[in-house]
Amino acid sequence: MTVLITGGAGFIGSHCCVTFLEAGHDIVVLDNLSNANSVSLNRVSAITGRKVAFEAADIRDQARLEAVLDQYGCSAVVHFAGLKAVGESTKDPLAYYDNNVVGTQRLLSAMAKCGVRQMIFSSSATVYGEPKYLPLTEDHPTSAVNPYGRTKLMIEDMLRDIAASDPSWRFGILRYFNPVGAHDSGLIGENPLGIPNNLMPFITQVADGRRAELSVFGKDYETRDGTGIRDYIHVTDLVEGHLRAHEVLASGAAPSNCFAVNLGTGTGYSVLEMVRAFERASNKEIRYSFAPRRDGDVAECFAHTAMAEKLLNWKAERDLDAMCRDTWNWVCKNPRGYETTAA
Ligand code: NAD
Ligand code: WQD
C-alpha cells in the first residue's frame with residue numbers, strides 16, 4: 001500500500017513526504033524537477049531515516065505513470081505536481097493548461113487504468129475569487145481571475161464529475177490559504193528560483209541582504225492598517241491536514257466520495273504585521289516602501305475552519321512566530337537553497 005506523491009520534491013510535497021513517512025506509510029515520489037531539486041528528497045531521508053523512492057518523470061507521461069503505479073503497488077495519490085505562479089500563468093496560459101489540466105487528466109486516466117481510485121488534490125483559496133463574505137466557507141461561490149486559478153477550478157470540476165460518475169472514486173480537494181514556514185529541522189523549506197512572487201520568500205531575502213527592500217503592494221485597503229490581509233499557515237500544519245484527509249478517505253469515513261475543504265488557520269495577518277513578526281524572529285530590520293496595489297489582489301482573505309475540524313479532526317496549531325522562526329532557521333542554514341549546500 002504505497003502512496004504516490006506527485007510533485008513530492010517541491011516545497012509542500014517534500015514536507016508531505018516527511019509526514020507520511022513518519023506516519024508509517026510507504027511512498028514513491030514522481031517529479032519532473034521543473035521547480036525543485038532532488039536534494040530535498042535526500043533531506044527527507046535524513047529527517048525520517050527512510051529512503052525515498054524517486055521517479056524523475058512528468059505527470060503528462062501517462063505510460064510512465066501507469067508503470068510507476070503498477071510497479072510500486074500504489075493505492076492512493078497525493079497530487080502536488082503543477083505550475084503555481086499567477087503572473088506567469090497570464091503570460092503563458094498554455095503551459096498552465098498543459099501542465100496542470102492535461103497533466104491531471106493523464107494522471108487520472110493512468111489511475112483509472114491501474115485501479116487506483118483515491119486522490120488528494122492541492123487546490124487553492126484562489127478559487128473563491130473576490131470574497132463576498134469572510135471568513136470563506138467551502139460553499140462560497142467559486143470564480144477565477146487568472147489562468148492559474150482557472151486550472152485549479154477546472155481540475156476541481158473534473159474530480160467532481162468523475163466522482164459523480166462512479167462512487168468507487170474518492171477525492172479530497174484541499175484548498176490551501178497561504179503556506180509558509182519550513183520543517184523545524186531547517187533541512188527542507190521553500191526554495192524559489194529567481195525573484196520571489198510571494199510575500200514570505202521576499203521578506204526572507206530582504207532579511208538576509210539579497211534584496212534591498214520589500215515593496216508593500218497597497219496601503220489604502222480597507223483593513224486595520226491599510227495593507228492586504230492573508231491567512232498564513234505553517235507548511236507542517238498543512239501537510240498534517242493531508243495525512244488526516246488521506247486517512248479519512250482511506251477509511252471510507254468521508255460523508256461523500258468527493259469533498260472540498262479549506263486548510264487555513266482562520267486568522268488573517270496584514271503585510272505590515274508579517275514584516276514585524278519576521279523582524280522579531282530574525283532580529284533583522286526589514287526595510288520596505290509602499291508601492292501601488294498589485295493587479296488581482298484582494299484586500300482580505302481568510303478561512304472558515306469548521307469543516308476541516310469536523311471532517312478531518314484537524315486544525316492548524318503553529319502560530320505566526322513559529323512560521324517566521326522556522327522560515328528563518330531554514331534560510332540561515334541554507335542561504336542558497338539546495339543549490340550550494342551539501343546533500
Ligand atoms: P512547488 O513548485 O515547490 O512544487 C510543485 C512540484 O511539482 C515541483 O517539485 C515541480 O518540479 C513539480 N512539477 C511541476 N510540473 C510537473 C509535471 N508536469 N510533472 C511532474 N512534476 C511536476 O510548489 P508548492 O508550493 O509545493 O505547491 C504544490 C502544489 O500546491 C501546487 O499544485 C500548487 O498549485 C498548490 N498550491 C500551492 C500554494 C502555495 O502558496 N505554495 C497555494 C495553494 C496551492
Ligand atoms: C500576500 C500579501 C500581497 C509580495 C498567492 C496566489 C495564491 C496562492 C498563494 C497558489 C498580499 C502582499 C506580496 C510582495 C507584498 N498560490 N505582497 N509585496 O497573493 O495571497 O496568494 O500565493 O495557489 O493563488 O495568488 O500571496 O504571498 O503573493 O501575497 O506586499 O512583494 O502580500 O499584496 O497582500 P497571495 P502573496
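Ligands are counted one by one from 1 in listed order, and the atoms in each one are counted from 1 as well.
- Using the six-membered ring where Trp is involved, F171 and W169 have ring planes that are parallel, under 30° apart on the 30 and 60° scheme.
- Between Y148 and Y96, the ring-plane angle classifies as perpendicular under the 30° and 60° cut-offs.
- If you check which protein heavy atom lies closest to atom 1 (P) of ligand 1, you get N35 ND2, 3.8 Å.
- There is no side-chain donor-acceptor pair under 3.5 Å between T223 and E300.
- Classified by interplanar angle (parallel below 30°, tilted 30° to 60°, perpendicular above 60°), the ring pair W328/F278 is perpendicular.
- Atoms of ligand 2 lying under 4.0 Å from any heavy atom of N197, numbered from 1 in the order shown and given with element: 4 (C), 28 (O).
- Shortest contact from atom 34 (O) of ligand 1 to any protein heavy atom: Y148 OH, 2.7 Å.
- Contacts with ligand 2 closer than 4.0 Å are made by no heavy atom of A291, backbone or side chain.
- Within the structure, the closest approach of K152 to ligand 1 falls below 4.0 Å when heavy atoms are considered.
- Considering N100, T104, L159, V101 as possible partners of M154, the one that fulfils the side-chain contact (heavy atoms from CB on, under 4.5 Å) test is V101.
- Ligand-side atoms of ligand 1 in range of L33: 11 (O), range being under 4.0 angstrom from any heavy atom.
- The closest heavy-atom contact to atom 29 (O) of ligand 2, among the options R230, R211, R294, comes from R294.
- In summary, the atoms of ligand 2 found under 4.0 Å from a heavy atom of Y148, numbered by their order in the structure, are 10 (C), 23 (O), 24 (O).
- The N/O atoms of F217, backbone and side chain alike, include one that comes under 3.5 Å of an N/O atom in ligand 2.
- Using a 4.0 Å cut-off to heavy atoms of N99, the atoms of ligand 1 that qualify are 15 (N), 16 (C), 17 (C), 18 (N).
- At least one N/O-N/O distance between F80 and ligand 1 falls below 3.5 Å.
- Among all non-hydrogen protein atoms, the one lying nearest atom 4 (O) of ligand 1 is G10 CA, 3.7 Å.
- Taking a cutoff of 4.0 Å between a charged side-chain nitrogen and a carboxylate oxygen, E247 and R244 qualify as a salt bridge.
- The six-membered or imidazole ring of H140 lies away from that of H304, with a centre-to-centre distance of 6.0 Å or more.
- The aromatic rings of F20 and H25 sit tilted relative to each other, their planes meeting at an angle between 30° and 60°.
- Using a 4.0 angstrom heavy-atom cutoff, D58 counts as in contact with ligand 1.
- Of all atoms in ligand 2, listed by their number and element, those nearer than 4.0 Å to a heavy atom of V86 are 6 (C), 25 (O).
- Closest heavy-atom contact between L312 and G241: CD1-O, 4.0 Å.
- Of all atoms in ligand 2, numbered sequentially from 1 with element shown, those under 4.0 Å from a heavy atom of N178 are 20 (O), 21 (O), 26 (O), 35 (P).
- No hydrogens or angles considered: a donor-acceptor pair under 3.5 Å links the side chains of S122 and Y176.
- Of all atoms in ligand 2, listed by their number and element, those nearer than 4.0 Å to a heavy atom of T126 are 24 (O).
- Between R43 and Y338, the side chains place no donor N or O within less than 3.5 Å of an acceptor N or O (distance only, hydrogens not considered).
- Among Q118, R170, M119, the single residue meeting the side-chain contact (heavy atoms from CB on, under 4.5 Å) criterion with H246 is Q118.
- Annotation: K84 places an N or O atom under 3.5 Å from an N or O atom of ligand 1; distance criterion only.
- Of all protein heavy atoms, the one closest to atom 36 (N) of ligand 1 is Y176 CD1, 3.6 Å.
- At a threshold of 4.0 Å, the pair D208-K284 does not count as salt-bridged, since none of the basic side-chain nitrogens sits closer than that to a carboxylate oxygen.
- Using a 4.0 Å cut-off between heavy atoms, Y176 makes no contact with ligand 2 at all.
- Only side-chain heavy atoms of L214 come within less than 4.0 Å of ligand 2; its backbone N, CA, C and O stay farther off.
- Scanning the protein for heavy atoms near atom 35 (C) of ligand 1, the closest one is S122 CB, 3.7 Å.
- Of all protein heavy atoms, the one lying nearest to atom 21 (N) of ligand 1 is N32 N, 3.1 Å.
- At a threshold of 4.0 Å, the pair D220-R293 counts as salt-bridged, since one of the basic side-chain nitrogens sits closer than that to a carboxylate oxygen.
- If you check which protein heavy atom lies closest to atom 27 (O) of ligand 2, you get L199 N, 2.8 Å.
- Annotation: atom 11 (O) of ligand 1 to nearest protein heavy atom, D31 OD1, 2.7 Å.
- Contact analysis puts P179 in contact with ligand 1, with a non-hydrogen atom separation below 4.0 angstrom.
- Only side-chain heavy atoms of D297 come within less than 4.0 Å of ligand 2; its backbone N, CA, C and O stay farther off.
- Counted by atom type alone, R230 and N198 present zero donor-acceptor pairs between their side chains at under 3.5 Å.
- At least one N/O-N/O distance between I12 and ligand 1 falls below 3.5 Å.
- Annotation for ligand 2: atoms under 4.0 Å from non-hydrogen atoms of S124 are 23 (O), 24 (O).
- Residue contact check: S215 has heavy atoms under 4.0 Å from atoms 14 (C), 15 (C), 18 (N), 30 (O), 31 (O) of ligand 2.
- With respect to E156 and K152, no salt bridge is recorded, no charged nitrogen being found less than 4.0 Å from a carboxylate O.
- Considering only non-hydrogen protein atoms, atom 3 (O) of ligand 1 sits nearest to F11 N, 2.9 Å.
- The shortest separation from a heavy atom of Y232 to ligand 2 is under 4.0 Å, placing the residue in contact.
- Every atom of ligand 1 with a heavy atom of S34 under 4.0 Å away is listed here by number and element: 10 (C), 11 (O), 13 (N), 14 (C), 15 (N).
- Under the 3.5 Å distance criterion, with hydrogens and angles disregarded, no donor-acceptor pair is assigned to the side chains of E240 and T236.
- Close approach of ligand 1 to G82 is summarised as follows: ligand atoms under 4.0 Å from at least one heavy atom of the residue are 5 (C), 7 (O), 13 (N), 14 (C), 15 (N).
- When heavy-atom distances to ligand 1 are checked against a 4.0 Å cut-off, I59 comes that close through both its backbone and its side chain.
- Under the side-chain contact (heavy atoms from CB on, under 4.5 Å) rule, S14 has a single partner from D31, I188, I47, V29, which is I188.
- For D166 and R117, the salt-bridge test passes: some basic side-chain N is under 4.0 Å from an acidic carboxylate O.
- With ligand atoms numbered from 1 in the order given, ligand 2 contributes 30 (O) to contacts under 4.0 Å with heavy atoms of V216.
- Between A57 and ligand 1 there is a heavy-atom distance shorter than 4.0 Å.
- Between P255 and L311 the shortest side-chain heavy-atom distance falls below 4.5 Å.
- Connection of V28 to I59 is established within a shared hydrophobic cluster, with ILVMFWY side chains joined at heavy-atom distances below 4.5 Å, either directly or through further cluster members.
- Residue contact annotation: S123 has a non-hydrogen atom under 4.0 Å from ligand 1.
- Remark: ligand 2 and K84 share no N or O pair separated by less than 3.5 Å (distance only, no angle test).
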